[in-house]
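Counting convention: from 1, in listed order, for ligands and their atoms alike. Computed from heavy atoms alone, side chains included, the values below leave out hydrogens, waters and symmetry copies.
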Amino acid sequence: MNVLFLGAPGSGKGTQSKKIETEFNIPQISTGDLLRAETASGSDMGEELKKIMSSGKFVSDEVVLELVSKKITSDECKNGFILDGFPRNLSQASSLDTLLTNLNVSLEYVFLIDVPTDLIIKRCVGRVTCNKCGKIENEYFSDIKEGDTCEDAGVYVKRADDNEETVTNRLKVYGEQTEPIINFYEEKGILHRIIGGEDGPQRLTDEIISIIKS
Ligand code: AP5
Ligand code: MG
């Protein structure tokens, strides 16, 4: 089973990917997480990526395509994958099509998580992520704060791109470059629009699981 999550920054792609990963035992491929791992490595390329990501712009198609191809063709993905944050423009969508055609696999579900823009800033600015297991929480909607310890002894940290200014820029870039691919998948007949709001992630997870199981 091959799944893709589309949606604005902070819409909940990572949160839902992790739940679907656990439910169906297929791995999440988050280009954002892969890129952040590279920035944490301290390499020259990582330093370059850090600058781009903290401005809210996209890194080059070549870099992300290489990261994704390596993952998709690895043994880890032999029973499927969950793409989170890739593709994000029409060129990446078309490269993904070619890659999947060459591998003779198809994308079965594209879930667009549609959340009102006014909720996005709070979700990003309040986000904390465990630096060990990647669990995503929010300071506004839970008792967990930056610096707290996770169940697995990791520490909850903030992302460098989660300040109001960068989030505003990320939203702009999303509107200009990523929104056009909604139509691309709608025309293929595999797009499911999941409407998110203020009632927490579980209702969305239930809806997604029920679409996959039906
Ligand atoms: P990436 O890490 O993918 O960031 P993003 O797309 O901006 O998305 P986020 O991770 O911010 O949000 P999310 O939808 O995963 O939300 P989450 O579940 O965490 O990419 C970062 C950067 O990397 C990009 O800006 C770019 O520079 C680069 N990059 C990545 N991919 C690239 C590509 N393909 N090409 C080029 N460049 C690329 O949830 C957010 C918060 O809300 C959390 O606190 C969570 O607890 C809370 N929350 C989630 N769901 C709910 C809910 N239903 N109700 C209440 N709270 C909720
Ligand atoms: Mg994410």
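By the 4.5 Å heavy-atom criterion applied to side chains, P87 and I181 are counted as neighbours. The shortest distance between side-chain heavy atoms of F58 and I52 does not fall below 4.5 Å. A 4.5 Å side-chain heavy-atom check between I212 and E23 finds every atom pair outside the cut-off. When side chains are defined from C-beta on, D148 does not count as touching V155, because their heavy atoms never get closer than 4.5 Å. No side-chain heavy atom of V167 sits under 4.5 Å from any side-chain heavy atom of N169. Inter-residue side-chain proximity for L112 and I194 is flagged as unmet; no heavy-atom pair is nearer than 4.5 Å. L99 is listed as a side-chain neighbour of I72, based on a closest heavy-atom distance under 4.5 Å. In this structure the side chain of F86 reaches within 4.5 angstrom of the side chain of L96, judged on heavy atoms.
None of L191, I190, N183 except one satisfies the side chain to side chain contact (heavy atoms under 4.5 Å, CB included) rule with E187; the exception is N183. No option in N2, I182, L6 other than L6 meets the side chain to side chain contact (heavy atoms under 4.5 Å, CB included) test with V110. No option in K158, R127, R123, K145 other than K158 meets the salt bridge (Lys or Arg N to Asp or Glu O under 4.0 Å) test with E139.
Counting atoms of ligand 1 from 1 in the listed order, those under 4.0 Å from a heavy atom of L35 are 23 (O), 28 (C), 29 (N), 30 (C), 38 (C). In the vicinity of G85, heavy-atom distances shorter than 4.0 Å reach the ligand 1 atoms 31 (N), 32 (C), 33 (C), 34 (N). Listed by number with element, the atoms of ligand 1 under 4.0 angstrom from any heavy atom of D161 are 21 (C). Within ligand 1, the atoms closer than 4.0 Å to a non-hydrogen atom of E137 are 43 (C), 44 (O), 46 (O), numbered from 1 in the order shown. Within ligand 1, counting atoms from 1 as listed, the ones closer than 4.0 Å to a heavy atom of A8 are 14 (O). Atoms of ligand 1 found under 4.0 Å from any heavy atom of T31 (numbered from 1 in listed order, with element): 30 (C), 31 (N), 32 (C), 34 (N). Residue contact check: K57 has heavy atoms under 4.0 Å from atoms 26 (C), 27 (O) of ligand 1.
Residue I113 does not touch ligand 1, judged by heavy-atom distances below 4.0 Å. Proximity of T15 to ligand 1, defined as any heavy-atom pair under 4.0 Å, is shared by backbone and side chain alike. Contacts between Q16 and ligand 1, counted as non-hydrogen atom pairs separated by less than 4.0 Å, are absent for every part of the residue. Residue-level proximity to ligand 1 for P87 is absent, since no heavy atom of it falls below 4.0 angstrom. When non-hydrogen atoms are compared, ligand 1 lies under 4.0 Å from the backbone of V59 as well as from its side chain. Under 4.0 Å from ligand 1, the heavy atoms of F141 that appear belong solely to its side chain.
Annotation: G14 places an N or O atom under 3.5 Å from an N or O atom of ligand 1; distance criterion only. Taking only nitrogen or oxygen atoms, main chain and side chain alike, P9 does not reach within less than 3.5 Å of ligand 1. Checking only distances, D162 never comes within under 3.5 Å of ligand 1, N or O to N or O. Not one N or O of D84 is nearer than 3.5 Å to an N or O of ligand 1, by distance alone. Below 3.5 Å of separation, one finds an N or O of R159 facing an N or O of ligand 1. Considering both main-chain and side-chain atoms, V64 never comes within under 3.5 Å of ligand 1 through any nitrogen or oxygen pair.
Rounding to the nearest 0.5 Å gives a distance of 8.5 Å between CD of E62 and OG of S95.
Between the side chain of T166 and the backbone N or O of D161 there is no donor-acceptor pair closer than 3.5 Å. Under a 3.5 Å cut-off, the side chain of K132 and the backbone N or O of A153 do not form any donor-acceptor pair.
Of the listed residues (R36, K18, Q92), the one carrying the non-hydrogen atom nearest atom 21 (C) of ligand 1 is R36. In this structure, of R123, R170, R88, M53, the residue bringing a heavy atom nearest to atom 20 (O) of ligand 1 is R88.
Using a 4.0 angstrom heavy-atom cutoff, S60 does not count as in contact with ligand 1. Heavy atoms of I52 stay at 4.0 angstrom or farther from ligand 1. Using 4.0 Å as the threshold, G200 has a heavy atom nearer than that to some atom of ligand 1. Contact annotation: G196 has no heavy atom less than 4.0 Å from any atom of ligand 1. Residue contacts with ligand 1 do not include G7, since none of its heavy atoms lies under 4.0 Å from the ligand.
Counting only heavy atoms of the protein, atom 43 (C) of ligand 1 lies nearest to I136 CG2, 3.5 Å. Protein heavy atom at the shortest distance from atom 19 (O) of ligand 1 is R127 NH1, 2.5 Å.
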*Begin with the C-alpha distance, continue with both residues' side-chain angles, and end with the deciding distance and a verdict on side chain to side chain donor-acceptor pair (under 3.5 Å) for Q202 and D206.*
CA-CA 6 Å; Q202 192 55 44; D206 293 343; 2.9 Å; yes

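Note that K122 lies in the cation-pi zone of Y140, set by a 6.0 Å cut-off to the ring centre and a 45° limit from the axis.
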